[in-house]
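Here is the structure we will look at.
Keep in mind that this is a model prediction, so the values were computed, not measured.
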Amino acid sequence: MATGGMDEASNMKVVLKHYVSGSLQETDMHLTAGTIKLKVPKDSNSIILKNLYLSCDPYMIFKMMKLERQLTDPYVLGSVKVVRD
């Protein structure tokens, strides 16, 4: 759904409020509205995808916990990871 022209679209983000201890609850996250630029840089191999559903893989729970030792870095609270080429 475009807003203010074809170069931006409205979107919703699921943001982790705090690190999880135990099983993940809906109250551990909040939904935030925002916009995203639809323009892909020229000569880029990037694409823009639209997610219809969000599913959290059980593996992700360990990234949402603040553990003493982890194999990978935990998520940074309130951040959005953007993968670019």
Q: Mind running side-chain contact (heavy atoms from CB on, under 4.5 Å) on V40 and I47 for me, showing each step along the way?
A: CA-CA 7 Å; V40 175; I47 60 172; over 6 Å; no

Q | Partner residues of N11 under the side chain to side chain donor-acceptor pair (under 3.5 Å) criterion, sequence neighbours left out | A | none

Q: Return the set of residues passing salt bridge (charged side-chain N to carboxylate O under 4.0 Å, His left out) with K42 (not counting sequence neighbours), or none when no residue passes.
A: none

Q | Closest heavy-atom pair and its distance - M29, L16 | A | CG-CD1, 4.1 Å

Q: Starting at NZ of K39, measure out to CD1 of I48 and round the result to the nearest 0.5 Å.
A: 11.0 Å

Q. What distance do K50 atom NZ and I36 atom CD1 have between them, rounded to the nearest 0.5 Å?
A. 12.0 Å

Q | Rounded distance [0.5 Å steps], CG in L31 versus NZ in K13 | A | 10.5 Å

Q. Can you check whether D7 reaches K37 side chain to side chain, under 4.5 Å on heavy atoms?
A. no

Q: Sequence neighbours left out, what passes side chain to side chain donor-acceptor pair (under 3.5 Å) with S23? Give chain and number order.
A: Q25

(Q) Quick one, V15 and H30 - any side-chain contact, counting heavy atoms below 4.5 Å? (A) yes

Q.
Let's go through D28 and H18 carefully: what are the C-alpha distance in whole Å and the side-chain angles of both, what is the deciding distance for side-chain contact (heavy atoms from CB on, under 4.5 Å) to 0.1 Å, and is it a yes or a no?
A. CA-CA 6 Å; D28 295 326; H18 50 263; 2.8 Å; yes

